[in-house]
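One structure is given below, encoded as structure tokens.
In what follows, residues are counted from 1 in the order of the sequence shown. Just so it is clear, the values below take in all heavy atoms, side chains as well, and ignore hydrogens, waters and symmetry mates. The structure displayed is predicted, hence computed values, not measured ones.
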Amino acid sequence: MDSLIDPLAAQLPRETQIQAARLAQDGFAHAFRLTLETPAAERQPAISAAVKKLNDWIIERNPPGDANDDAQPALRAAMLLSGLVQWGLAYTQVFGAAAMAGLSELVGGLRVSAPDATEMIQRINDDQAAALSFKSELRKAIHLALWHSMIEDAQQESATATLQQLGGMMLRLVESMPDLGWIIVAHTLADIQIRCLAHQLATSGLAQEMTQALFGALNQQLPADQRAKIMAGATQTVIAWQQSTRNTTSH
């Protein structure tokens, strides 16, 4: 579906977009851990190595047969920078700005080596469908990471703060991408339900309470038309997973 509506699909195939989202996630996680676990003086060489790794990916070319043009490196850099910044914004609300020191260094290093990315970031942001596979993979990963953080939290106050952050992100996504954002939110809610069923997560206590509160808040605050599409889409995905699981175990 993404390749039919994404105006950047020829330059950025779906596989490249998904890879960009996962590299941004890995880069953020690496920088986050370094900030928490490594003294600043020792962190810098590791951040520099991470910048080099991402830059090497930026200048790679698509496989033969895919569209190659001069804008491709800037588009790759734009996805990485956009992804890293979005991870940072989401986690700053939960862990504070001080925990983002390594991420700031990583983003700064990439900006120096990719000065043309700013225009491309705007190009991606201006069109809901532009780099849709990247946006979907990235936002779903952020949502799920925050959800896992929320259900692992034993403190009511901090878990509630994460709940408010997560719910607010989903509502803003639907508002900023009124035509396509609901698809990403539906995928996220389906994944949460599937993970609960498959791994017996959030089955009791505060974790269950927070998860139920998330679904309840979205059900109340989403516009009616978006709510209907999101809940129906999530339900269909969960039912399809259940049927697939039953078919697998019956053979």
Side-chain angles (χ1 to χ4, degrees), residues 6 8-64 66-126 130-146 148-149 165 169:
D6 184 350
L8 299 178
Q11 297 160 295
L12 296 172
R14 182 176 184 276
E15 293 75 14
T16 301
Q17 295 188 30
I18 291 175
Q19 189 177 17
R22 291 175 180 171
L23 284 171
Q25 180 177 2
D26 291 346
F28 167 77
H30 183 53
F32 186 57
R33 284 195 300 271
L34 286 172
T35 303
L36 298 180
E37 301 172 3
T38 308
E42 299 176 16
R43 185 175 68 229
Q44 190 55 53
I47 293 293
S48 296
V51 170
K52 182 182 184 304
K53 177 182 177 182
L54 294 178
N55 276 326
D56 287 345
W57 180 79
I58 287 170
I59 62 175
E60 282 182 8
R61 306 299 286 178
N62 284 342
D66 286 334
N68 290 313
D69 61 30
D70 294 337
Q72 189 188 118
L75 285 168
R76 286 181 174 224
M79 288 191 296
L80 288 180
L81 283 166
S82 175
L84 289 168
V85 168
Q86 289 184 64
W87 273 102
L89 289 173
Y91 268 63
T92 296
Q93 300 299 317
V94 179
F95 294 95
M100 300 300 117
L103 176 65
S104 296
E105 295 164 1
L106 180 59
V107 169
L110 278 180
R111 287 195 187 280
V112 169
S113 57
D116 298 331
T118 301
E119 180 181 344
M120 294 302 182
I121 291 174
Q122 193 62 47
R123 182 179 173 187
I124 291 172
N125 290 340
D126 285 345
L132 182 58
S133 291
F134 163 75
K135 292 174 180 175
S136 180
E137 186 76 12
L138 175 78
R139 295 304 293 266
K140 188 174 74 169
I142 294 174
H143 294 160
L144 288 171
L146 287 174
H148 274 286
S149 177
Q165 166 73 357
M169 285 184 64

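- With a 4.5 Å cut-off on side-chain heavy atoms, L146 and M169 count as touching.
- Annotation: the span from M120 atom CE to S82 atom OG amounts to 14.0 Å, rounded to 0.5 Å.
- What you find for S149 and F95 is that their closest heavy atoms are OG-CZ, 4.3 Å.
- The two residues A145 and Y91 have their closest heavy-atom pair at CB-OH, 3.4 Å.
- The side-chain hydrogen bond (donor to acceptor under 3.5 Å, both in side chains) contacts involving residues 102-116 comprise R43-E105, N55-S113, where partners must be two or more places apart or lie in separate chains.
- In this structure, A20 and L80 approach most closely via the heavy-atom pair O-CD2, 3.6 Å.
- Here the side chains of E60 and D56 are not in contact, with every heavy-atom distance at 4.5 Å or above.
- Without hydrogens or angle criteria, K135 side chain to N125 main chain gives no donor-acceptor distance under 3.5 Å.
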- Would you please test V112 and V51 for side chain to side chain contact (heavy atoms under 4.5 Å, CB included) and show each step? CA-CA 10 Å; V112 169; V51 170; over 6 Å; no
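- D26 contributes atom CG, which lies 10.0 Å from atom CD of Q19 (distance to the nearest 0.5 angstrom).
- Looking at heavy atoms from C-beta onward, R76 lies in side-chain contact with L12 at the 4.5 angstrom threshold.
- To the nearest 0.5 Å, atom CE of residue M79 and atom CD1 of residue I121 are 11.0 Å apart.
- Not counting sequence neighbours, the partners of Q93 by the side-chain contact (heavy atoms from CB on, under 4.5 Å) test are Q165.
- Between L84 atom CG and Q25 atom CD the span is 11.0 Å, to the nearest 0.5 Å.
- Between the R14 side chain and the S133 main chain, no donor and acceptor come within less than 3.5 Å of each other.
- Pairing each heavy atom of A77 with each of A114, the nearest pair is CB-CB, 3.6 Å.
- Counting heavy atoms from C-beta on, the side chains of L34 and H30 come closer than 4.5 Å.
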- Is there a side chain to side chain contact (heavy atoms under 4.5 Å, CB included) between Q17 and E137 once you walk through the steps? CA-CA 8 Å; Q17 295 188 30; E137 186 76 12; over 6 Å; no
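- Annotation for I47 and A31: closest pair CD1-CB, 4.1 Å, computed over non-hydrogen atoms.
- Residue I124 holds its CD1 atom at 11.5 Å from CD of E119, rounded to the nearest 0.5 Å.
- Put simply, the side chain of T92 gets close to the backbone of G88: a donor and an acceptor are under 3.5 Å apart.
- With rounding to the nearest 0.5 angstrom, the CG atom of L23 is 10.5 Å from the OG1 atom of T16.
- Nearest heavy-atom pair, A99 versus T35, reported as atom, atom and distance to 0.1 Å: O-CG2, 3.5 Å.
- Ring geometry, F32 versus F28: the interplanar angle falls under 30°, so the pair is classed parallel (tilted spans 30 to 60°).
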